[in-house]
Asks: 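First the structure, then my questions, so here it is.
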Amino acid sequence: MIQKKQIDYGNEYKKLQERAKLISSILGKHENKNLVKVGFPITNYRKVTIDNKDFYYAGTNIFLGIIEEVLLTAQQKFPENFGNKNAYSILSALNKTRYLHNRTIDAIRIYKNENFIWIYDNVENGEENRILRLDLFRHFKPIPFEKRKWEFIGGLFHALKHFSHNGIPLSTGKDINDIENVEQVIFLIIEAFYINKGEFDDAKKNYIVLLNLNEKYDLKFIFYYEENTNVYFVTTIHKIKKKSEELK
């Protein structure tokens with residue numbers, strides 16, 4: 001069961017702000033960024049209880065606006081922009097739904113500039129307390145040999161390739177796996193990363209978790225581990241056949 005709660009200013013918000021400031025500074029230096037977002041107002045923090053454990057996430061206005069309102073509105077207004085294997089058309093629909101810039105290419109620069117959420121399972125800053133960063137997308141790249149087509153690499157929109165709402169894809173992919181709202185994907189990511197047990201690949205770079213989807217399929221989550229900063233990133237989510245089904 002998932003329950004949303006109010007965040008406490010003194011015992012939770014201030015401590016999480018300190019965590020965000022520290023890890024953002026470390027990551028910014030590692031990625032050679034001149035400017036990074038190191039904190040968010042309390043109105044940008046969310047607290048949820050999943051399986052009787054509290055989790056927190058906080059991010060930019062643009063990221064939260066997209067997952068809580070803009071994406072589903074854009075999908076309803078411009079369904080033809082979704083599921084067509086072109087990331088450009090997704091971002092164009094978002095910009096038409098909630099205006100950022102009169103040129104789509106400039107709106108895309110805004111979307112890809114430090115728009116993310118931090119996800120926490122603890123307010124304390126101990127080394128054992130893992131932290132997860134989810135960007136709208138990590139990279140936006142042209143598809144080779146496909147004229148004027150682009151793809152999302154990493155982040156939320158790469159993960160959303162495998163989900164839909166009311167039978168309409170939520171990103172560039174054509175998979176139909178209906179969810180009630182976009183926040184549900186955030187909750188699935190939290191469940192996979194913090195509650196379910198996973199394992200690293202041989203290179204110790206990717207943390208892999210399987211989560212039950214239905215009788216025939218699991219969801220496979222892949223998280224990239226940045227060892228210099230101890231930050232995890234969402235690489236992708238996709239469905240795979242259960243081993244019992246592969247043997248049939």
Asks: Got a second to check how far L91's CG is from Y111's OH, nearest 0.5 Å?
Replies: 6.5 Å
Asks: Do D54 and K5 pass the salt bridge (Lys or Arg N to Asp or Glu O under 4.0 Å) test, and can you show the C-alpha distance, the side-chain angles, and the key distance before you say yes or no?
Replies: CA-CA 9 Å; D54 291 336; K5 293 181 176 180; 3.4 Å; yes
Asks: Are more than 12 heavy atoms, taken from residues, nucleotides or ligands other than K53, located less than 6.0 Å from that residue's NZ atom?
Replies: yes
Asks: Decide whether L156 and V70 are clustered together by the hydrophobic rule: side chain heavy atoms of Ile, Leu, Val, Met, Phe, Trp, Tyr closer than 4.5 Å, transitively.
Replies: yes
Asks: List the atom of N115, the atom of I110, and the distance in Å for their closest heavy-atom pair.
Replies: ND2-O, 2.7 Å
Asks: At what distance, to the nearest 0.5 angstrom, does CZ of F137 lie from CD1 of I90?
Replies: 11.5 Å
Asks: Tell me, yes or no, whether the heavy-atom count around Q6 atom CD, taken from other residues, nucleotides or ligands under 6.0 Å, exceeds 12.
Replies: no
Asks: Taking Y56 as the starting point, is it possible to reach L188 by hopping between hydrophobic residues whose side chains are less than 4.5 Å apart?
Replies: no
Asks: Measuring from E18:CD to K21:NZ, what's the distance to the nearest 0.5 Å?
Replies: 6.0 Å
Asks: Would you mind checking if K4 and E183 are paired as a salt bridge, meaning a charged N to carboxylate O distance below 4.0 Å?
Replies: yes
Asks: If you count every heavy atom of other residues, nucleotides or ligands that lies below 6.0 Å from K205 atom NZ, does the total exceed 12?
Replies: yes
Asks: Provide the closest heavy-atom pair for L170 versus F157 in the form atom of the first, atom of the second, distance.
Replies: O-CE2, 4.2 Å
Asks: Apply the test salt bridge (Lys or Arg N to Asp or Glu O under 4.0 Å) to residues K204 and E227: give CA-CA distance (whole Å), side-chain angles for both, the deciding distance (0.1 Å), then the verdict.
Replies: CA-CA 9 Å; K204 303 296 182 183; E227 60 183 347; over 6 Å; no
Asks: To the nearest 0.5 Å, what is the distance between CD1 (I190) and CG (N196)?
Replies: 13.0 Å
Asks: What are the two closest heavy atoms between G59 and L64, and how far apart are they?
Replies: O-CD1, 3.8 Å
Asks: Would you call the rings of F116 and F40 parallel, tilted or perpendicular if under 30° counts as parallel and over 60° as perpendicular?
Replies: perpendicular
Asks: State, without any angle test, whether S164 and N177 hold a side-chain donor-acceptor pair at a distance under 3.5 Å.
Replies: no
Asks: Against R133, only a single residue in E31, E114, E226 fulfils salt bridge (charged side-chain N to carboxylate O under 4.0 Å, His left out); can you say which?
Replies: E114
Asks: Do NZ/NE/NH1/NH2 and the carboxylate oxygens of E151 and K85 come within less than 4.0 Å?
Replies: no
Asks: Rounded to the nearest 0.5 Å, how far apart are CZ of R130 and OH of Y225?
Replies: 10.0 Å
Asks: Evaluate L132 against I117 for side chain to side chain contact (heavy atoms under 4.5 Å, CB included), listing each step before the verdict.
Replies: CA-CA 8 Å; L132 178 64; I117 58 173; over 6 Å; no
Asks: Given F193 and F221, is the side chain to side chain contact (heavy atoms under 4.5 Å, CB included) satisfied, shown in steps?
Replies: CA-CA 8 Å; F193 186 70; F221 294 74; over 6 Å; no
